[in-house]
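The block underneath contains the structure these notes are about, expressed in structure tokens.
Every chain is numbered from 1 and lettered A, B, ... according to where its sequence line falls, protein lines coming before strand lines. Because the structure is a prediction, the values reported are computed rather than measured.
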Amino acid sequence: MKALTFMQSHNIWADSVTYSELLKCCISRGALREAKLVHKHIFSNGYHPKTFLINTLISMYVKFSLLDDARKLFDQMPERNVVSWTTMIAAFANAGLGYEGLRFLVLMGRDGVRPNMFTYSSVLRACSGLESLKQIHCGIVKDGLDSDVFVRSALVDNYAKWGELGNALVVFNEMETRDLIVWNSVIGAFAQNSDGDEALNLFKRMKRCGFMADQATLTSVLRACTAMALLELGRQVHVHVLKYNRDLILSNALLDMYCKCGSMEDARFEFSRMVEKDVISWSTMIIGLAQNGFSHEALEIFQVMKSSGTKPNYITVLGVLFACSHAGLVDKGRSYFESMEKVFGIKPGREHYGCMVDLLGRAGKLDEAVELIHNMEPEPDAVTWRTLLGACRIHRNMDLAAYAAKKWEDAAQVRKAMKGNNVRKEPGCSWIEVNKQIHAFILRDNSHPQIDEIIRQLNHYVQRLKGVGYVPDTNFVLQDVEGEQLEDPLLYHSEKLAIVYGLMSLTKGKTIRIRKNLRICGDCHLFAKLLAQMENRNIVIRDPIRYHHFQGGVCSCGDYW
DNA sequence: GTAGATGTGA
């Protein structure tokens, strides 16, 4: 403003370029009041601002989140160019008004203004469905704008957003020039859609093309390792991470990787040396500790978190309740649950109720658990009933089990109907990392090159275990509802094959780490427990829900899962 | 001389 007054006092009139510079200055300093004064000044003295200056004004209001003011200016413009339209479309997309953004694309066409690559990359962010995405894609090709990196990048992101990873990859592969951001985009897309394998392939391709990974790349690669529980590869990525420091997101991803790979020593070390911690860091650690069977430590960390001044959120409280249920701390869990709204301002959601059902059910308070389900505000779903069913199995309450099973089935039906009728049951699959190679064992699939030797060894171990009291247990009717199918021979469940392969190929003393796509069945659990003791080995099995650390004949889950 | 893209916790 001083500049403006100075110019006036010397009788120099500002032109559109000067005004525009002044506005940019206001935006960078966050000075809305001054920007408004400039706005007023522009429209005084009969000055006719050029289109680009009004565009700057619009963008100023957008940056201050004053969409209505921006819209008003836009409506009053004598003529609008591509930039005017694009600025509005981008603003709508950012404000979550995608529909309005798409409407503006049509309107600009009627106004005789042709969209350019800037327009399309904003329109793509406004896009709210696969159908419109395909239409926009056609428009891009028709307008000959599909070679722009930004547009392609937005297309890749969008296809990934709607689960169309194949299309995302096609669009990506067709690109003539790629930059680091597109690489990060496509790697992130696969990592987020739990296709860690493809994410890691792309990462290798990227390096072959001569690109240097940055924090965003490494974060996605870590996420892929995390999903696949690849500890060794994760450690390698960690070495790259050391080249960068103080990126909170990356540190959080690293922390989660160690937790999910079941290596709590590394996780604790990483956590202790993080200079900056946010709610995600704390939650990751709390959940990681709880899932790996260190509930008391998780609750201690929660206390430290509160005194550090970081406010817990929905997910943090979930981790805390999970820790309580895991350690059987009924009173503590109940008091956290009952006070969470008052103390932390977080309304209990379905997942919090689920944790409480788990906690109460596990402690044998089945009546209280049922009462909680009946009175809960969010609608109980299949998972809620499945939790109660698990508790019934532990406490051998057949009547309640039948009731829970019925309700579970009803809820699952609804879910099935929503998803469409072709929900196929996945075959059981386990993975183990040996010498940085992933070995997959799939039920009824004998393609592993050493399968004959593995089965021979497995039979051998089973015979020896029978000598110390192992009885293959086929009676898991209630518990096995989401596990491997009953008619499948228990003996060849994939985790057994993976464990035996681990014993065969990993050096003595090395922990055997296995990841599984389905929940472990009781027989395999017993098998792992006894084998860990007999062979004096640590075995860690991660199923979709929790971790089992087998050591010296016991499991960290306390035989409840 | 105004408008556009990527990564973390259940």
Side-chain angles (χ1 to χ4, degrees), chain A residues 15-21 23-24 27 49-60 62-63 70 80-91 93-94 115-126 145 148-158 160 179-189 191-192 199 213-224 226 244 247-257 259-260 277-288 290-291 312-322 349-352 354-355 383 544-546:
Chain A
D15 65 356
S16 288
V17 178
T18 321
Y19 279 127
S20 177
E21 287 301 317
L23 282 171
K24 274 197 275 180
I27 293 168
K50 292 192 175 155
T51 305
F52 90 82
L53 178 56
I54 307 184
N55 286 344
T56 314
L57 272 170
I58 293 176
S59 127
M60 180 273 287
V62 168
K63 279 179 187 140
R80 305 171 187 93
N81 62 18
V82 210
V83 181
S84 328
W85 287 100
T86 305
T87 311
M88 288 311 294
I89 293 173
N94 281 344
N116 63 13
M117 53 274 230
F118 286 87
T119 322
Y120 274 119
S121 65
S122 296
V123 166
L124 282 168
R125 283 198 310 134
L145 295 167
D148 184 71
V149 200
F150 278 76
V151 173
R152 283 255 170 195
S153 191
L155 275 172
V156 169
D157 285 339
N158 255 284
D179 62 3
L180 183 59
I181 302 225
V182 196
W183 277 108
N184 286 350
S185 238
V186 75
I187 292 171
Q192 278 171 54
D214 71 355
Q215 283 102 326
T217 328
L218 295 174
T219 303
S220 295
V221 171
L222 277 174
R223 187 170 168 152
T226 305
Y244 304 92
D247 186 309
L248 185 56
I249 301 181
L250 184 50
S251 302
N252 286 344
L254 193 60
L255 185 63
D256 191 42
M257 185 274 291
C259 287
K260 294 290 174 349
K277 297 182 181 96
D278 66 357
V279 65
I280 296 187
S281 331
W282 291 100
S283 310
T284 303
M285 197 59 191
I286 291 169
I287 293 161
Q291 285 180 324
N313 65 14
Y314 189 95
I315 295 172
T316 324
V317 179
L318 210 53
V320 169
L321 293 178
F322 186 76
R350 184 183 288 141
E351 289 113 322
H352 296 105
C355 271
V383 181
I545 311 268
R546 65 182 76 198

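Using a 4.0 Å heavy-atom distance criterion, A:Met117 is classed as a base contact. Among the atoms of the strands shown, only primed sugar atoms or phosphate atoms (P, OP1, OP2) are found under 4.0 Å from some heavy atom of A:Lys63. Among the heavy atoms of the strands lying under 4.0 Å from A:Val83 is at least one base atom, whether or not backbone atoms are also near. A:Val279 comes within 4.0 angstrom of a nucleotide base, judged by non-hydrogen atoms across all strands. Nucleic acid contact for A:Thr284: sugar-phosphate only, since backbone atoms but no base atoms lie under 4.0 Å from a heavy atom of the residue. A:Ser20 comes within 4.0 angstrom of nothing in the nucleic acid, heavy atoms only. Residue-level contact check: A:Ser281 touches neither bases nor backbone, having no heavy atom under 4.0 Å from any strand.
Contact between the side-chain N/O atoms of A:Lys24 and the OP1/OP2 oxygens of B:dT2 is found at a separation under 4.0 Å. An OP1 or OP2 oxygen of B:dA10 is reached within less than 4.0 angstrom by no side-chain nitrogen or oxygen of A:Arg350. For A:Arg125 and B:dG4, the shortest distance from a side-chain N or O to OP1 or OP2 is not below 4.0 Å. Listed pair A:Gln192 / B:dG7 meets the phosphate criterion, a side-chain N or O lying under 4.0 Å from OP1 or OP2.
Remark: A:Asn94 CG to A:Lys63 NZ distance equals 11.0 Å, nearest 0.5 Å. One finds the CG atom of A:Leu248 at 10.0 Å from the OG1 atom of A:Thr219 (value rounded to the nearest 0.5 Å). Rounding to the nearest 0.5 Å gives a distance of 11.0 Å between OG1 of A:Thr284 and CG of A:Leu254.
Looking at A:Ser121, its side chain comes within 3.5 Å of the base of B:dG4 through a donor and an acceptor atom. On a pure distance criterion of 3.5 Å, a polar donor-acceptor pair joins the side chain of A:Asn116 and the base of B:dA3. The base of B:dG1 lies outside donor-acceptor range of the side chain of A:Asn55, with no N or O pair under 3.5 Å. Side-chain to base pairing of A:Asp214 with B:dG7: no donor and acceptor N or O lie closer than 3.5 Å to each other.
With rounding to whole Å, A:Asp247 atom CG is found 12 Å from B:dT8 atom P. Here B:dG1 presents its P atom at 6 Å from CD of A:Glu21, a figure rounded to the nearest Å. In this entry the distance linking CD1 of A:Ile287 with C1' of B:dG9 reads 5 Å, nearest Å. Per the geometry, CG belonging to A:Leu250 stands 14 Å off C1' belonging to B:dT6, to the nearest Å. Between the CD1 atom of A:Ile249 and the P atom of B:dT6 there is a distance of 12 Å, rounded to whole Å.
With A:Ser281 as reference, A:Asn252 is the one residue of A:Ile249, A:Asp256, A:Asn252 to meet the side-chain contact (heavy atoms from CB on, under 4.5 Å) rule.
In this structure, of B:dT2, B:dA5, B:dA10, it is B:dA5 that holds the atom nearest to the side chain of A:Asp179. Minimum atom distance to the side chain of A:Ile315 is reached by B:dA10, of the listed B:dA5, B:dG4, B:dA10. Closest to the A:Tyr314 side chain, of the nucleotides B:dT8, B:dA5, B:dA10, is B:dA10.
Between A:Ala224 and A:Ala199, the closest heavy-atom pair is CB-CB, 4.0 Å.
A donor-acceptor distance shorter than 3.5 angstrom exists from the side chain of A:Thr87 to the backbone of A:Val83, with no hydrogens or angles considered.
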